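These figures come from a predicted structure and were not determined experimentally. Position 1 is the first residue of the sequence; numbering continues from there.
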Amino acid sequence: MDFIYRAHEWLADRISWVQYPKPRVRSVSGHALGFKARWQTRPPMNKAFAICLPTLLLFVSDIGVYLSIASVIFLFAYFNRRW
């Protein structure tokens, strides 16, 4: 990916109608930025809702079992704060 960014800069230097790429923002301190930061600082989910959600999804006709399995996987990812 770095090669593409450098190539874009090189083209912008030599061709007048090519615009420079947007500057890449990287954290100097090592803290996350953007979506990853929002995911790490997300508000806590209501625990009663989290417990009832897979059971409630079983009542959806035809695809309830699949939605329930997907919600359990999502809840494991949601309550794992290390990501």
Side-chain angles (χ1 to χ4, degrees):
M1 207 60 180
D2 193 46
F3 172 75
I4 295 171
Y5 186 82
R6 295 290 179 202
H8 194 163
E9 281 183 329
W10 184 86
L11 284 172
D13 281 340
R14 286 155 178 79
I15 301 173
S16 62
W17 49 269
V18 175
Q19 294 182 352
Y20 276 94
K22 292 182 180 178
R24 293 180 291 181
V25 179
R26 294 213 173 124
S27 174
V28 178
S29 64
H31 296 292
L33 298 171
F35 178 75
K36 188 173 182 180
R38 285 189 294 153
W39 178 256
Q40 289 174 347
T41 59
R42 63 193 179 276
M45 183 185 288
N46 185 348
K47 295 211 185 327
F49 175 72
I51 291 171
C52 295
L53 180 65
T55 307
L56 292 174
L57 288 175
L58 287 173
F59 292 104
V60 175
S61 63
D62 294 333
I63 61 169
V65 173
Y66 303 113
L67 290 175
S68 180
I69 292 169
S71 70
V72 168
I73 293 169
F74 170 76
L75 289 172
F76 273 115
Y78 187 86
F79 286 109
N80 185 4
R81 289 280 178 177
R82 290 182 293 140
W83 288 354

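- Hydrophobic cluster membership of V65, counting Ile, Leu, Val, Met, Phe, Trp and Tyr whose side-chain heavy atoms lie under 4.5 Å apart directly or via other members: L58, I69, I73.
- With sequence neighbours left out, the side chain to side chain donor-acceptor pair (under 3.5 Å) criterion links N46 to no other residue.
- Atom CZ of F76 sits about 10.5 Å away from atom OG of S71, to the nearest 0.5 Å.
- Residue L53 holds its CG atom at 8.0 Å from OG of S68, rounded to the nearest 0.5 Å.
- For A50, the side-chain contact (heavy atoms from CB on, under 4.5 Å) partners at least two apart in sequence or on another chain are M45, L75, F79.
- Every residue was checked against the ring-ring contact (aromatic ring centres under 6.0 Å, His included) condition with Y66, not counting sequence neighbours, and none meets it.
- Linking Ile, Leu, Val, Met, Phe, Trp and Tyr residues whenever their side-chain heavy atoms come within less than 4.5 Å places L57 and F49 in a single cluster.
- Closest non-hydrogen pair, V60 versus L67, comes out as CG1-CD1, 4.1 Å.
- Through direct or indirect side-chain contacts shorter than 4.5 Å among Ile, Leu, Val, Met, Phe, Trp and Tyr, I15 is connected to W10, L11, W17, V18.
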